[in-house]
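Data block below; observations after.
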Amino acid sequence: MIEGGIYKMKAIVDKDLCTGCGLCEDTCPEVFEMKDDIAIAKVSKIPDDLIESCKEAADGCPVEAIICE
């Protein structure tokens with residue numbers, strides 16, 4: 001985590017667990033996108049205003065393939 005800056009979290013998608021359902025992209029398209037039927041985090045650091053929607057995407061992942069830290 002980067003304290004004192006605009007970015008405090010990062011998103012990680014475990015490609016081995018991801019089933020490509022697209023829920024994360026639907027929930028937080030600013031951070032996640034589908035590539036070759038697997039979700040990827042398209043930003044390395046999550047802006048403060050997207051932290052809640054990123055956490056919502058991680059919580060909604062049916063296979064728990066997303067980590068927001």
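With sequence neighbours left out, E33 forms a side-chain contact (heavy atoms from CB on, under 4.5 Å) with E25, I40, K42. Remark: K55 pairs with no residue by the salt bridge (Lys or Arg N to Asp or Glu O under 4.0 Å) rule, at least two apart or across chains.
Separation of atoms CD1 (I46) and CZ (F32) is listed at 6.0 Å; rounding is to 0.5 Å. For the atom pair K45 NZ and M9 CE, the distance stands at 14.0 Å (nearest 0.5 Å). Atoms CG and CD, on D59 and E52 in that order, are 9.5 Å from each other to the nearest 0.5 Å. Atoms NZ and SG, from K10 and C54 in turn, are 12.5 Å apart once rounded to the nearest 0.5 Å.
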Would you mind writing out the side-chain donor-acceptor pairs for residues 12-22 within the sub-3.5 Å range, not counting sequence neighbours?
from	atom 1	to	atom 2	distance (Å)
D14	OD1	D16	N	2.9
D14	OD1	L17	N	3.3

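Summarising the local packing, CD of E64 is surrounded by 12 or fewer heavy atoms from other residues, nucleotides or ligands at distances under 6.0 Å. Within a 6.0 Å radius of CG in D36, no more than 12 heavy atoms belonging to other residues, nucleotides or ligands are found.
Smallest separation of non-hydrogen atoms from T27 and A57: CG2-N, 3.8 Å.
Taken together through direct or relayed side-chain contacts under 4.5 Å among Ile, Leu, Val, Met, Phe, Trp and Tyr, V43 and I66 form part of one hydrophobic cluster.
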